[in-house]
Amino acid sequence: MAPNDPKQAAASGGGGFFASIASSLSNFGSAMSKSVNGMMAYEGLEVINPEGGTEDVEEEAKKGRWKQEDRDSYWKMMQKYVGSDITSMVTLPVIIFEPMTMLQRMAELMEYSYLLDMADKTEDPYMRLVYACRDYFDPVPVISVYIAWNMSLQMIFAASFFISVYYAYQRTWKPFNPILGETYEMVNHGDMTFIAEQVSHHPPMSAGHAENEHFTYDVTSKLKTKFLGNSVDVYPVGRTRVTLKKDGVVLDLVPPPTKVSNLIFGRTWIDSPGEMILTNLTTGDKVVLYFQPCGWFGAGRYEVDGYVYNSADEPKILMTGKWNEFMSYQVCDSEGEPLPGTELKEVWRVADVPKKDKFQYTHFAHKINSFDTAPKKLLASDSRLRPDRMALEKGDLSTSGYEKSSLEERQRSEKRNREAKNHKFTPRWFDLTDEVTTTPWGELEVYQYNGKYTEHRAAIDTSEGIHESDNRPDFNPWQFDNLEAE
C-alpha cells in the first residue's frame, strides 16, 4: 500500500513533481545484477535477472534471443554508442522487431478507452444520489460530498486508463520506427476514431488524436534514450492531454521513464520505476502513482501504489494494484489510511490474452494489425501496408530486413531531393504550434490536431465508392513522390 505520509509521497522530499520524477531514475537497477566483465571479457556490460539474485546472473547472461556469434557482432557495433541517445542513429536488425510500428503502439493505449467513457459519465448518477438521500439528509452537504467524490472517480478511471497500456509495454520486441509522413488509422473500436502521423524524422516525433462522444485524446510523442551497453533508459519527452467532453475537464499526463534491461546478454525485460502524475488542469486535483522498482527475486515488480489528491494536496482515494494485472481503489482519510467501513474496489483488470503468442500480443494488438479496424479507403501511408512489417508478420525475416532497408534508403533519398528543392515537409493531419512545453527530460514542440482528418473521413463515409479489402494500395507515405515533375 501507499506510504502513510501521502504529501511526502507526492512531493518526494519537497523537490516538486519534476524533481521527484527525475530522482526516481536512481531506482533503476534495483534488481540483482552483476557485470559480465569477468566471464565474457566485455567491459561495462551488466546483466540483470529480475527473478533471482547475483548467483543466477552468470547463467542468465547465456540466455536471450541472440546466438553467441550474433551477440559478439552486435556488441562490437553498439559499444561506441554507450552513453548516447540512440533513438534514430542506429540501424537495427529485424530479429529484435515486432510486426507493428510506433504509431500502432500509440493506438494500443485505446484498448481500454471505455475507462475514459466512464470518467466522462461519472456525473450521471448525481441527481439520483440527491433524490435517494433527500428524505434522510440535508441535501447541501450530500451534494458537496458527491461532487468531490465524482471528481475523484474521474481521476480514478482516467489514471487506470493510462495504467492499462503498461501490460502491452512489457513486450520486449521493438516496434518499427515510422517513416516520415506515415500514418495509422483505427475505427470500429469504442465508437472512436484514431489517427496518428509521423510528423518529424530528426528528431523522431509522432502526433496522435482520438475522439468519440465522451473524450478527445491528443498526444505529441518524442522519445529520448540513453544507451548503457546491455540496457537502455527511455525518457518519454512528450505531452498527453485528455479532454472529457461533458464538463470540459482537461487532464495532463506525465508518465514514468522506462528501462529495458538485458539487450544483448540475458533475457530482455522491461521495468518503469518512478512516478506517474495525472493532473486535472481544470480543478487542480491530481493522481500520483508510484511504480515500484523490481527488487531481489522479483520483489515489488509490477506493483503500483498512490493516491488521488484534491487541489489542496489532501489524499482522498488510495489506489493500488499491478500494472500487468489490475487496479483497485478505496476511500481514505487525511493520513492516507482506508476509511473504516469502506472496501477496496477493482476498477480495471487486464483482458484475457492469447496463450503462447509469438510476440506476446493481446487480442487487441492483433486487431490493430488487422484490416478489420481499418476504415474504408485506407490511407496509402498507413502502417498496416508497410512491406517490412507485413513480411515480419509472416515470419519472413529476410524479406522484412530487405524491405526495411529499402524504406530507410528511400526516406534518405526523399530528404535529399526535398532539401535540394528547398521544400519543407508539412504534416497532413497535425500542425506545429508555437507552444513549447517543458517536460522532466527536456523541452517539446507541440503539434495540434487540425481537424482535416475528420473532414476527410466524413467525405469518404458519405461517398458511394467503397474501397474493397482485396484492392489495398501499396504503402506510400511519400509527400514528395513526384518532385522531378514539379
Side-chain angles (χ1 to χ4, degrees), residues 88 97-110 113 175-189 192-212 216-223 238 240 364-365 367-390 392-393 403-404 406-408 410-411 414-415 418 424-432 445-461 467 469 471-482:
S88 62
F97 282 73
E98 64 177 3
M100 184 180 287
T101 72
M102 281 297 299
L103 298 181
Q104 293 173 288
R105 272 286 187 103
M106 290 169 63
E108 204 164 357
L109 176 61
M110 294 296 131
S113 61
F176 287 95
N177 289 336
I179 299 296
L180 184 64
E182 184 176 330
T183 58
Y184 178 76
E185 306 173 76
M186 182 174 67
V187 295
N188 302 329
H189 175 71
M192 176 193 65
T193 299
F194 178 93
I195 177 68
E197 182 177 14
Q198 190 72 0
V199 295
S200 173
H201 180 55
H202 287 297
M205 293 179 65
S206 309
H209 175 82
E211 185 168 1
N212 67 6
T216 60
Y217 166 88
D218 292 282
V219 59
T220 300
S221 177
K222 174 184 172 184
L223 296 179
T240 301
F364 184 68
K367 288 183 179 180
I368 285 177
N369 267 344
S370 167
F371 287 89
D372 293 340
T373 55
K376 62 181 180 180
K377 292 191 177 179
L378 182 68
L379 292 170
S381 50
D382 194 88
S383 297
R384 296 177 184 85
L385 302 171
R386 285 182 60 141
D388 53 353
R389 188 208 67 76
M390 297 176 75
L392 182 60
E393 191 172 32
E403 295 290 357
K404 176 176 176 289
S406 297
L407 285 175
E408 291 168 346
R410 174 68 184 273
Q411 181 168 231
E414 192 203 47
K415 179 183 178 182
R418 189 170 62 242
K424 181 180 180 181
F425 173 82
T426 303
R428 187 175 179 184
W429 312 114
F430 297 86
D431 295 333
L432 178 63
E445 294 179 312
V446 177
Y447 283 80
Q448 177 178 288
Y449 176 63
N450 58 26
K452 294 179 180 178
Y453 179 77
T454 302
E455 299 171 0
H456 166 78
R457 287 258 58 94
I460 290 177
D461 291 342
H467 187 77
S469 60
N471 189 28
R472 299 178 189 123
D474 292 332
F475 180 62
N476 184 4
W478 319 112
Q479 192 171 81
F480 300 94
D481 194 28
N482 298 312

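The first residue in the sequence is number 1, and the count goes up from there.
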Quick one: pull up [atom1] in [X] and [atom2] in [Y] and give me the separation to the nearest 0.5 Å.
X	Y	atom1	atom2	result
I195	Y184	CD1	OH	10.0 Å
F194	M106	CZ	CE	5.0 Å
Y217	Y449	OH	OH	15.0 Å
M102	E182	CE	CD	11.5 Å
H201	Q411	NE2	CD	4.0 Å
L103	R386	CG	CZ	9.0 Å

| query | Is the H456 to W429 ring centre distance short of 6.0 Å? | reply | yes
| Full working for salt bridge (Lys or Arg N to Asp or Glu O under 4.0 Å) between R410 and E414 | CA-CA 6 Å; R410 174 68 184 273; E414 192 203 47; 6.0 Å; no
| Short side-chain donor-acceptor distance under 3.5 Å, Y453 and E197 |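 No, no side-chain donor-acceptor contact under 3.5 Å.
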| task | Please determine, by modelled atom types, if S383 and R105 share a side-chain donor-acceptor pair under 3.5 angstrom. | result |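 No.
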| query | So, for A380 and L385, which heavy atoms are closest and what is the spacing to 0.1 Å? | reply | O-CD1, 3.6 Å
| note | Shortest non-hydrogen pair, A207 vs V199, comes out as CB-CG1, 4.0 Å
| field | Any donor-acceptor pair under 3.5 Å from R389 side chain to P99 backbone | value | yes
